[in-house]
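Beneath this line is the structure, given in C-alpha cells, with notes to follow.
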Amino acid sequence: MADHVPIDYTGIITVEPGKRYGKHFVRDLPVTVGDVLGQLAAGISEEEILNHFPDLTGKDIKACLSFAAARERRSVTAPPDMPAVNDYSHIITIEPGKRFGRPCIRGMRITVYDVLEWLAGGMAYEEILDEFPELTIEDILASIAFVADPKRRFQLVPQGAVAWTKEAFDVVSEP
C-alpha cells in the first residue's frame with residue numbers, strides 16, 4: 001500500500017465551545033464533522049454529500065476523515081487486564097467548602113461534572129489527560145462509575161438543620 005499523507009485539517013475543522021455543545025464544524029459552515037461522517041457511514045457518496053451541502057468541498061470531506069483518524073490515533077482504551085472502577089470511594093471526595101460541596105476528584109478542585117462535561121463535549125480520554133496531567137484514567141472511570149451507580153444516594157438535609165460535617169455528606173448505602 002502506498003503511503004498517504006493525511007490532509008492537514010487544522011485550518012478546516014473548527015470548534016466554538018458554545019456552538020452546538022462544542023461540536024467540531026467544517027469551516028464556518030453549519031455542518032459538523034459528525035454530519036459528514038454519519039452520511040459517509042450511511043453509504044452516501046461523496047458526490048451526494050457535496051450536492052446536499054453545496055458549500056462543502058471534497059477537501060472538507062477529506063479533512064473530516066483526517067480529523068477522525070487523528071482523534072482515533074490519540075484515543076485511549078483501557079487495557080483488557082485493567083479492572084473496571086466500581087469502587088470510587090477512594091477517588092471521589094466531597095468537602096463542604098470545596099466547589100460548593102460538589103463531588104470532586106481526589107480532593108482537587110476538578111469535579112465529577114467537569115470530567116463528564118469534557119467527555120460529553122467530545123474530548124477523548126487522552127485529551128483530558130493531556131489537558132489535566134494531574135488526572136489519571138482511573139479518575140475518569142471513577143467519575144463515570146460515580147454517576148452510573150444506581151445505589152448511590154446522598155442523605156439530603158435541610159440547610160441549617162445540622163452542622164456541616166463529614167457525616168452530612170456520607171453516601172447512604174441501600175439496606
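Put simply, the side chain of V112 reaches to within 4.5 Å of the side chain of I105, judged on heavy atoms. The side-chain heavy atoms of R99 and D114, taken from C-beta on, include a pair separated by under 4.5 Å. Contact of the R106 side chain with the I92 side chain is not registered, since no non-hydrogen atoms from C-beta on lie closer than 4.5 Å. The side-chain heavy atoms of W118 and I110, taken from C-beta on, include a pair separated by under 4.5 Å. Here the side chains of V115 and I144 are not in contact, with every heavy-atom distance at 4.5 Å or above. Counting heavy atoms from C-beta on, the side chains of Y113 and P103 come closer than 4.5 Å. Between L141 and Y125, the closest side-chain pair of non-hydrogen atoms falls below 4.5 Å. Contact of the T136 side chain with the I91 side chain is not registered, since no non-hydrogen atoms from C-beta on lie closer than 4.5 Å.
Between the S66 side chain and the K62 main chain, no donor and acceptor come within less than 3.5 Å of each other. Distance alone, capped at 3.5 Å, places no donor-acceptor pair between the R102 side chain and the T111 backbone. One N or O on the side chain of K98 and one on the backbone of G107 form a donor-acceptor pair closer than 3.5 Å. A donor-acceptor pair under 3.5 Å is absent between the side-chain atoms of T32 and the main chain of H24, judged by distance alone. Side-chain atoms of E127 come within 3.5 Å of backbone atoms of A124 as a donor-acceptor pair (strictly under, hydrogens ignored).
Between V26 and C64 the shortest heavy-atom distance is CG2-SG, 3.5 Å. The two atoms that bring P30 and D35 nearest to each other are O-OD2, 4.1 Å, heavy atoms only.
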Please tabulate, for side-chain N and O atoms in residues 50-57, each donor-acceptor pair with protein atoms closer than 3.5 Å (sequence neighbours left out).
from	atom 1	to	atom 2	distance (Å)
N51	ND2	E47	O	3.4
T57	OG1	K59	N	3.4
T57	OG1	D60	N	3.1
T57	OG1	D60	OD1	3.4
T57	OG1	D60	OD2	3.2

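Distance CD1/I49 to CG/L40: 4.0 Å, rounded to 0.5 Å. Between atom CD1 of residue I128 and atom CG of residue L135 there is a gap of 8.0 Å, rounded to the nearest 0.5 Å.
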